[in-house]
Amino acid sequence: MNCIYLLLVIFTSGVLSQIPIRMKMPDEAKMTYTQIANKYGQEAEEYDVISEGGYILKLFHIPGDRTKPILCVHGAIDSADSFIMRGNTSLSVALARDNYDVWAMNYRGNKYSRRHTKMNPDSDQEFWNFSAHEIGYYDVKAHIDFILKKTGEKSLSVIGYSEGTMAMYVLGATRPEYNDKVKILISLAPICFIRNTGLFMSLVLHMAPILNVGLQAINSEEVGGQNSTTRSLIKEVCSEKYSGYETCLLNGLFLVTGSDPSEIEPAFFPVIIGHFPAGTSRKNLNHLVQISQHRKFSNYDYGLKQNMAKYKRPTPPEYDLNKVTMKIALIVAKNDKISTIKDVEKLRKRLPNVVEYRVMKSDAFNHVDYVWGKSTHKTLFPHIFRILNKYNK
Ligand SMILES: *[C@@H]1O[C@H](CO)[C@@H](O)[C@H](O)[C@H]1NC(C)=O
Ligand SMILES: *[C@@H]1O[C@H](CO)[C@@H](O)[C@H](O)[C@H]1NC(C)=O
Ligand SMILES: *[C@@H]1O[C@H](CO)[C@@H](O)[C@H](O)[C@H]1NC(C)=O
């Protein structure tokens, strides 16, 4: 979604300067999850997890106490990198230092998980036929199975961020037996109902169907991919030394997500641009838009004819949140324009087992601070550790 907005910014502002001067790129901007972990003294391993349907997904692991596995699930158009970009003060490193067994997945279609046993993402459009449904139903499930087998544990804890939380609600609703495998789901910036968003996010949601038709018309099933024109344009505009920060963050992304410039300093911004966007499918973003427009947490809407064939009904069925019986901690923020308190309050009423509900104290805390914020290790992590101490048993 953020990516769609960035696209708009780029097309409308026309700020491509003739002689761009690049920002100084910190090492972290070009490093992988594993390389950043190593830099901060954490030995990381990489696994390939094969999800049902043949998707080959990259799973990062920082080994710790095997009895305390934690799975981190990233947000839309993003990757596991967001959980480690802040290096010494990132969530991955903090969890590892506390001897948790840290696992960070990459769901299908992002830069780490753009592989398949049979299909070629560059030529097979069917590769991109997925949304939060497949991410939850197949990919997260495959990772839980993999981690429980590796550790010999019966259950694990999960930290989901943004769309990563939605994938967990899909899993709990569609495979109820997996609720018992989750000790606690910490939902950072929960996404389920996307109705009362901020002005710019609402604007993006309104424009999205037009963009969706356009992308479909040009067979552009991948959005924000590593080698895409979108991504090179974003890199071009956003890493311009004198205007990049202002154009892309202050007058760009922040309008959509909520803003706090003190939490994302100019020196750190190039690291974000180095890792984000990490790519996903048009269909994944379209599913989020549909959920917003239908005002329902429902399955993907294929249109009348295909819905009849697939669901045996004209409209897609809703996911049954009553079946999501795992313990859930919801963490929300006042300045988050995408996961708003109003929408999460609705989710809170519908989920049967919410054990914690916390509104971040700062008035400025917003959608991106959970993973990218400068002082998040001081303002958010203590809550995460407290919750894990209580429920990760
Ligand atoms: C990271 O933090 C640890 C502990 O606070 C410190 O000892 C170390 O020097 C830091 N490493 C880097 C590369 O900043
Ligand atoms: C980008 O292109 C390079 C060179 O063709 C290729 O090796 C790499 O796998 C591509 N990466 C992604 C994520 O598409
Ligand atoms: C995409 O996948 C769904 C089921 O997962 C299937 O019903 C549909 O026909 C597929 N669409 C295309 C265009 O292949």
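Every number for a ligand or one of its atoms is a count from 1 in the order of the listing. Nothing fancy with the numbering, it's 1 onward along the sequence.
With sequence neighbours left out, the side chain to side chain donor-acceptor pair (under 3.5 Å) criterion links Asp369 to Asn366.
The nearest protein atom to atom 13 (C) of ligand 3, hydrogens excluded, is given as Glu126 OE1, 4.2 Å; this is a heavy-atom distance. In terms of protein heavy-atom proximity, atom 9 (O) of ligand 3 is nearest to Gln306 OE1, 3.9 Å. When only non-hydrogen protein atoms are considered, atom 3 (C) of ligand 3 lies nearest to Tyr302 OH, 3.4 Å. Given atom 7 (O) of ligand 3, the protein heavy atom at minimum distance is Lys310 CD, 3.6 Å.
A cation-pi geometry, defined here as NZ or CZ lying under 6.0 Å from the six-membered ring centre and within 45° of its normal, holds between Lys283 and Tyr300.
Residue pairs satisfying the side chain to side chain donor-acceptor pair (under 3.5 Å) criterion with at least one member in residues 344-355, sequence neighbours excluded, are listed as follows: Glu345-Tyr357.
Checked by distance only, ligand 3 and Asn129 come closer than 3.5 Å through their nitrogen or oxygen atoms.
Going from atom OG1 of Thr340 over to atom CZ of Arg195 covers 11.0 Å, rounded to the nearest 0.5 Å.
Ring-plane geometry between Tyr311 and Tyr302 is classed as tilted, the angle between the planes lying from 30 to 60 degrees on a 0 to 90 degree scale.
Heavy-atom proximity to Glu134, at under 4.0 Å, picks out these atoms of ligand 3: 5 (O).
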